[in-house]
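By convention in this document, chain letters (A, B, ...) are assigned in the order of the sequence lines, proteins followed by strands, and residues within each chain are numbered from 1.
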Amino acid sequence: MRKLTVARKGRTDSEGRGSASVPGRYTPADFEKKWQVKWEADGIYEAADHVEGKENYFALSMFPYPSGDLHIGHWYAYAPADAHARFKRMQGYNVMNPQGFDSFGLPAENAAIEHGADAREWTYANIDNYRRQFREMGTSYDWSRELVTSDPKYYKWNQYFFLQFYKKGLAYREHGLANWCPKDQTTLANEQVKNGLCERCGTIVVKRALPQWFFAITKYADELLEMDQIDWPEKIKTMQRNWIGRSTGTTVGFDVSDFAPGEKIETFTTRIDTVYGATFVVLAPEHPLVEKLTQPEQQEVVDAYLLQASRATEIERTSTEREKTGVETGAFCTNPLNGERIPVLIGDYVLSTYGTGAVMGVPAHDPRDLVFARKYGLEVRVVVAPPGWDGAELETAWVPPGTQVNSGEFDGMPSEEGMEAIADKIEENGWGKRSVTYHLRDWLISRQRYWGTPIPIIYCDDCGTVPVPERDLPVLLPDHVEFEADGRSPLTKHPDFLNTTCPDCGKPARRETDTLDTFVCSAWYHLRYASPNPGEDPFDAEQVRAWVPVSYYMGGAEHAVMHLLYARFFNKALRDLGYVDFDEPYARFISQGVLISEHAKISKRSNPLTPDPIVKKHGADTLRCYLMFLGPWDQGGGWSDSGINGIRRWLGRVWDVAQREYSALTETGDDGAERSLERASHATTQRVVTDMEAFKFNTSIAALMEYTTELIRAHDAGKVSARSWRAGVDRLLLHAAPLAPHIAEELWQRTGHSGSIHLEPVPEFDESLIATETITLVVQVNGKVRGQVEVPADIDEDGAIAAAKASSNVARHLDGMTEVKLIYVPGRIVNIVVRPT
RNA sequence: GGGGGAGUGGCGAAAUGGCAGACGCGCAUGCCUUAGGAGCAUGUGUCUUAACAGACGUGCGGGUUCGAAUCCCGCCUUCCCCA
C-alpha cells in the first residue's frame, strides 16, 4: 500500500480548536503503538479494589492456552469482550479486566517430544508473543494482575487445594477403568471424550485399568443442578443439566443365588411400574457378575462375545441403528415381585457406566428391549395397557402411562400410581429401594503427563499414601527433563523428583508421578485475579469479596460441561471449606459464537489466518470493529477479507469529520438544524447504549456509521452552531472509544481535550429530545401498504384516520368499497379494512 | 435417536406482531484524478410498466390475525451439544 500523507508530527492544537489545518489521512500505524504504551505507562486500566462512589465490575474473558500465535479466532473472542469492558468502565463502573495464561498442558509437551524444545522455554516464548499481540489489539487489561498457571507461585495453590480436598474426602484415589488415549498416553475425564474419541487429538479412546485420582464432583450433583441464581444462556444451563443427567427411579435386586451364592443382580429402572413385564435381565459385558454367572456350556460363546464387545466404541454400542446383540449366560435370576425365573443375558447395549450396569428387560414397554426380545425369542408381556387395549400383541413398545395389567395385586391401577405402589412394596420387602442416578461421574484429575501440576502425594511402603505437608509446597516440577520414545512421563524416570522420604516415618519413599488435569488451574483462577499478591494465602478473602462473583464472564460454549461445571464445583467445595462465602463463581455468562472461514473453524489446529498482517495494513481498530460488525457476537460469524474496507472507510470518515474546520460555523446556528442534530445525537446514544449493553456490537457500529453521516451532512449544510458541532463530534468519539480505542483517543487529543477519553463517561440521552414533531403514518388498505401521510406527532385517532383516507393513492383503493373495520396503532399505522360494495 | 440454535437480496446482516432488506460488502453510473485495489455522489430484492402505479417476495406446506420474517402445527436443510 502506498504511504499516504502523514499528519505533521508535533502539531498541537495550542492555537485552539477550529484552527486545524489539513489533518492528513487516517494512518493508524502512526499512533496506535503510542497510545498502547501511554495507557500502560499511565496505568489507566489498573483497578483499585475500592473506588469511592463506584460499583465494582469484574469483566472476565476465558484465558488462553499460549500455543504459538494469537489467531483471528482469539481476536474474535477477546476484542468484543474488551469493548464491552471498556463500555462498562465508561458507564461509571470500577472495572477490573484481567488477562493471564493457562500455560500447562499437552501442546508444550508435544513440542518438546516432536522438536526437542524445552517445554518451559517453548511456553514462555509463546506467552511473550501473546502479551505483545494482546497489547497490539488495544485491550484494556490490567496487566498488574496477570497470572501464569505454570508458575510455581500459582500451581502451589492447586496443590494446596488438592490437599484440602483430600482431607475432606473430596479427592480420592481409586483403581478402575479409565478412559485412555493411546496417542497422548494419558487418561481423560469423561468430559474430554467426544464421540468416543480423544477431544484433543481425535484418537479412539480405550478403557484401561489404572489407579487414578478423582475429585468428588458427584457429591455436588444436586446443587449443581440449581441454577436459579446465575444469569447464563439457557442453552448452557440445559447442557449442564443434561450432562449431570439426574434420573430418579428404583434399584431392585434379582436373586441369582442358585448360580452365585449370596449374589443379586442390582438393576436400575426409571419404570418400576413395568417390573412385572420383565422377561429377562441384561448385564453389561463389563459387569462383575458376568464371570460368576456364565455356565460352562456358554463359556465359549460368552468369551467370544466379550472380546467383540471390547472392540466396539460407546457410540456404536448405543446407536439405535446398530443391531442389538447379546448372548445367554445360561444362568437364571428371580423377579422378586412375581417369583418368576427369567434368563440372564449379556448385551453390549447396556453400559457399565450407566446406573448399575444391569437392566431388567421389559420388551413390551421399551423399544430397545423389544428389538432384543424379538431377535432372541424372549417373551413379550404387556403390563401397562394402552387405553382401550384388547389384549392383542403390541406392534411397538408402549412407553406412555396406562393401566396396570398382569401385575398381580396392582392390576387395574393407573401406572402412575402403580409406580409408587410397587416402589413401596419393594422397599417394604427389602428387595430394593428408590434411588437416583446421574450421568455425571466423578472428575478424573490424574494425567500421566509431565507438563502440569505435580500431585502432592508420597507413597511409603510402611505408611501408605501420605499427603505432602503444606510447609513443603510447592512440589516443584523439575526442569530440563528427558523425553523418550516410549511416551511415558519423564517424571516416572526422574530420580531427583521420584525419590524422596516419607514425611511421616522418614524412610525412603516415592512421589506420585501423575500431574493434575489443567482444568484444575482454571477452576479458580478468577479468585487469583481478584487477589494477585496475597502473600502466604491462596488469596485474600476481603479482595475476593470485593470482586467475585465475576460480573460478566465471556468465553466459548465448548466449555459448557467442562470448565464451567468444574469451576462451579470448585467454588462450592471452597465455600464448604470456608474459603469463599458465595455459591457461584460467575454471576453472568455469555458465549461468543464460532468464527468460521471457508467452512473451517478458525482454531489452533487449522487455518493459520493471522491478524498481524491485517493489523499492519489496516490497524487494530479496523480489525476490532470489523470482527464486531460481522454479525451478532453470540452467533458467530464468517471471516472474509472483502468486507474490511467498509470499516476502514468508516474510520477514515470519522478521522476526517472530527478534524473538520468549523470556524465558519455561527454562534447560535439555525433552529431547525440545531434541533435535528440534537435529535440524531440523542437517538444515537440511545441505540448505542442499549446495543452495547446487550453485546450487539454490530448494530452499535451501524448506528455510529449513520451518525457519522449525519454529522457530515450537518457540517456540509453549515447551519449548526460551532458549539453543537463540537458536542456532536465529542459524542461520536465517546461512543467509538470502546470499539476503536486508538483512533478515539488520538482524535480526542487532536480536538483539544486533555486526559484519556477512556476515563470519560458515556454520553447521556434524553428520550424527550428524540421524539419528532411530525411522524409518518403508514396507511394500509386490507393490510397492504397504499400510502404514507405526514401528520403531527400528537394527532388523535380521528385526525389520523381522516388524513389517511385523504391521501390520493389510498382514496383510489377505497373507491367503490364498503368500510368494514378500522385499525389505528398510534404513531405507526392506519389499516382500513374494506370489502366490495 | 434425543436436546438446542439457525435458514431473509449476489454476500455479511437489520427488523421479535405494524413500511422487509437499516448498516456494510459487492456491483452499476457519474465526478475527481497523470494513474487507481484511493476519495466523493447517486442507484441497486424479482417481475410488469414509457411513467404513475401494480404483482410477487423472509427454506417448504398449512393455521391464527385487520396485519406474520416474527406467534402456532407439520415438514425439509444445516450447525452445535449429547447418546
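B/C25 and B/C40 have their P atoms separated by 10 Å, given to the nearest Å. For B/A51 and B/U78, the P atoms lie 43 Å apart once the distance is rounded to whole Å.
In this structure, A/Arg786 reaches the sugar-phosphate backbone alone: every heavy-atom distance under 4.0 Å involves primed, P, OP1 or OP2 atoms, never a base. Base engagement by A/Val825 is indicated by at least one non-hydrogen atom pair under 4.0 Å involving a base atom. Among the heavy atoms of the strands lying under 4.0 Å from A/Ile823 is at least one base atom, whether or not backbone atoms are also near. The residue A/His813 sits close only to the backbone: its heavy atoms come under 4.0 Å of sugar-phosphate atoms, none of a base. Residue-level contact check: A/Glu234 touches neither bases nor backbone, having no heavy atom under 4.0 Å from any strand. At a threshold of 4.0 angstrom between heavy atoms, the contacts of A/Arg653 are confined to the sugar-phosphate backbone, with no base atom among them. Here A/Gln780 lies in heavy-atom contact (under 4.0 Å) with a base.
Classified by interplanar angle (parallel below 30°, tilted 30° to 60°, perpendicular above 60°), the ring pair A/His563/A/Tyr553 is perpendicular. The aromatic rings of A/Trp443 and A/Tyr566 sit parallel, their planes meeting at an angle under 30°, below the 60° perpendicular limit. Ring planes of A/Phe697 and A/Trp633: perpendicular class, angle over 60° (limits at 30 and 60°).
Nucleotide B/G54 carries an anti base; the chi torsion (O4'-C1'-N9-C4 or O4'-C1'-N1-C2) is more than 90° from 0.
Projected onto RNA chain B by closest heavy-atom contact, A/Val833 and A/Ala702 fall at different nucleotides, the more 5' of which corresponds to A/Ala702.
Between the CZ atom of A/Phe629 and the P atom of B/G24 there is a distance of 7 Å, rounded to whole Å. B/A6 atom P lies 10 Å from atom NZ of A/Lys235, rounded to whole Å.
For a distance-only test at 3.5 Å, the side chain of A/Glu706 fails to qualify as a donor-acceptor partner of the base of B/C23.
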